[in-house]
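Residue numbering restarts at 1 for every chain, and letters A, B, ... go by the order of the sequence lines.
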Number of protein chains: 2
Amino acid sequence: MKASVKDEIRASGKRLTRTRKAVVAVLESAKYPLSPAELYALLQRRKVAIDPVTIYRNLSALKSIGLVRQLKLHQEDQFRYEMKEGREHHHHIRCKSCGKIADLLLCPLKKLTAMIERETRFVVGDHSLEFSGWCPRCQ
Amino acid sequence: MKASVKDEIRASGKRLTRTRKAVVAVLESAKYPLSPAELYALLQRRKVAIDPVTIYRNLSALKSIGLVRQLKLHQEDQFRYEMKEGREHHHHIRCKSCGKIADLLLCPLKKLTAMIERETRFVVGDHSLEFSGWCPRCQ
DNA sequence: TGCTATTCGCAATTTAATTGCATTAAAGAG
DNA sequence: CTCTTTAATGCAATTAAATTGCGAATAGCA
């Protein structure tokens, strides 16, 4: 668990509990955003005793202090979570067959906001972009 | 209900039932993709007696014959549905405050597929793009 | 070490969606 | 138009993700 993350948890007034540290450690080692169920399975494998509800509550707490990002991938019916640290702005591609998720490095949309604000009169805060298709193994 | 839609339902071997016609009619008149719950409320308002389960089953049937598109908006925990007819490829913007959804007319991503396929070795099938922000009334 | 607010674990609940099954009705045949 | 077959419906029950209530445990600090 990164020292900066530890500091931010402390600074927020939240506590560094056994389960919270374990949740952060797993998220930090993940290569793609994890669902609560995947997180639970990974924690089991690490022999961390934890109730699924506690995972939800920790994710919610970490999200509320801005350490974790909650996202939902196209056509999935569950939330996923990732550490914000070092994953500033990026998008994903998801395999329609096996569900494998990979990061995309580029974001082609930075210039688009002004155009959309003109078109819709919304103030744009965010965007999500996701591709789906077939990963190398499923082709 | 459009004649072409009626034809496609018939051609698929599915039946033109009272409830199915009502579901299509509401979807055709919608300006943005509807959730099953919204659909139910709109049908109630039109005095159409229908069980929520029947809405789910009709949406599933209409989707399976390609008349309806199922989508999930970022951070929402329910599916939405729209007629494909006349809404070929587009994206949405959703108000973070009131949930209002508007269509976007442009799609800037058509040229991007090749680049992504090279980067990830996936074969790209689809993409979803969604903006969120604040609508005129919520600003 | 002891105090107190936070966090935890378990049980129960909520909400979207799905499934089982007996009944109803669409639509083609005669 | 009536009969027959089979898809579709309505209701009840179930599944799965997420949330909430509450007493017990514990992190952090005096």
Side-chain angles (χ1 to χ4, degrees), chain A residues 1 5-26 33-44 47-65 67-81 99, chain B residues 1 5-26 33-44 47-65 67-81 99:
Chain A
M1 175 170 174
V5 171
K6 192 178 293 189
D7 293 344
E8 289 197 59
I9 293 175
R10 283 242 163 73
S12 75
K14 303 221 179 286
R15 294 178 183 176
L16 268 172
T17 62
R18 179 183 64 83
T19 55
R20 186 160 294 161
K21 283 185 280 191
V23 166
V24 169
V26 171
L34 299 176
S35 66
E38 288 170 340
L39 212 44
Y40 182 70
L42 290 168
L43 287 164
Q44 298 283 71
K47 312 286 185 203
V48 177
I50 188 170
D51 190 279
V53 178
T54 301
I55 296 177
Y56 280 106
R57 283 199 268 232
N58 270 312
L59 291 171
S60 163
L62 293 165
K63 178 189 164 194
S64 78
I65 58 179
L67 283 173
V68 157
R69 175 167 28 240
Q70 181 191 52
L71 51 110
K72 194 157 237 176
L73 297 188
H74 194 58
Q75 300 301 55
E76 279 197 340
D77 54 356
Q78 71 208 13
F79 285 109
R80 291 180 174 274
Y81 299 84
Chain B
M1 175 172 176
V5 171
K6 191 178 294 189
D7 294 344
E8 288 197 59
I9 292 175
R10 283 241 162 74
S12 76
K14 303 220 179 288
R15 294 179 183 173
L16 267 173
T17 62
R18 179 182 64 84
T19 55
R20 185 159 293 160
K21 284 185 280 191
V23 166
V24 169
V26 171
L34 300 176
S35 66
E38 288 170 340
L39 212 42
Y40 182 71
L42 290 169
L43 286 164
Q44 298 283 69
K47 312 287 187 203
V48 177
I50 188 170
D51 190 280
V53 178
T54 301
I55 296 177
Y56 281 106
R57 284 199 268 232
N58 270 311
L59 291 170
S60 163
L62 293 165
K63 178 189 165 195
S64 76
I65 58 178
L67 282 172
V68 157
R69 175 168 26 242
Q70 180 192 53
L71 51 111
K72 195 157 235 175
L73 296 187
H74 194 57
Q75 301 300 53
E76 280 196 340
D77 55 355
Q78 72 209 8
F79 285 109
R80 291 180 174 274
Y81 299 83

N/O (side chain, A:Thr17) to phosphate O (OP1/OP2, C:dC8) under 4.0 Å: yes
Using only heavy-atom distances, decide whether a donor-acceptor pair under 3.5 angstrom links the side-chain of [X] to the base of [N].
X       : N      : value
B:Arg15 : C:dG28 : no
B:Arg18 : D:dG10 : no
A:Arg10 : D:dG28 : no

Whichever of A:Pro36 and A:Arg57 has its nearest DNA chain D nucleotide further upstream toward 5': A:Pro36
A:Leu73 backbone acceptor or donor facing A:Arg80 side chain under 3.5 Å: no
Check: B:Ala49 main-chain N/O paired with B:Arg18 side-chain donor or acceptor under 3.5 Å: yes
Over all atoms of both residues, closest heavy-atom pair of A:Ser64 and A:Ala61: OG-O, 2.8 Å
Rounded distance (Å) that lies between atom C1' of C:dC8 and atom NZ of A:Lys21: 15 Å
Distance in angstrom units between A:Phe79 CZ and C:dA16 C1', rounded: 12 Å
For B:Leu43, the option from B:Thr54, B:Ile50, B:Thr19 that meets side-chain contact (heavy atoms from CB on, under 4.5 Å): B:Ile50
Out of C:dG9, C:dT19, D:dG28, whichever nucleotide has its closest atom nearest the side chain of A:Leu16: D:dG28
Nearest-nucleotide pick for B:Tyr56, side chain only, options being C:dA16, C:dG9, C:dG20: C:dA16
Net bend of the helix from C:dT1-D:dA30 to C:dG30-D:dC1, end axes of five pairs each, nearest 10 degrees: 30°
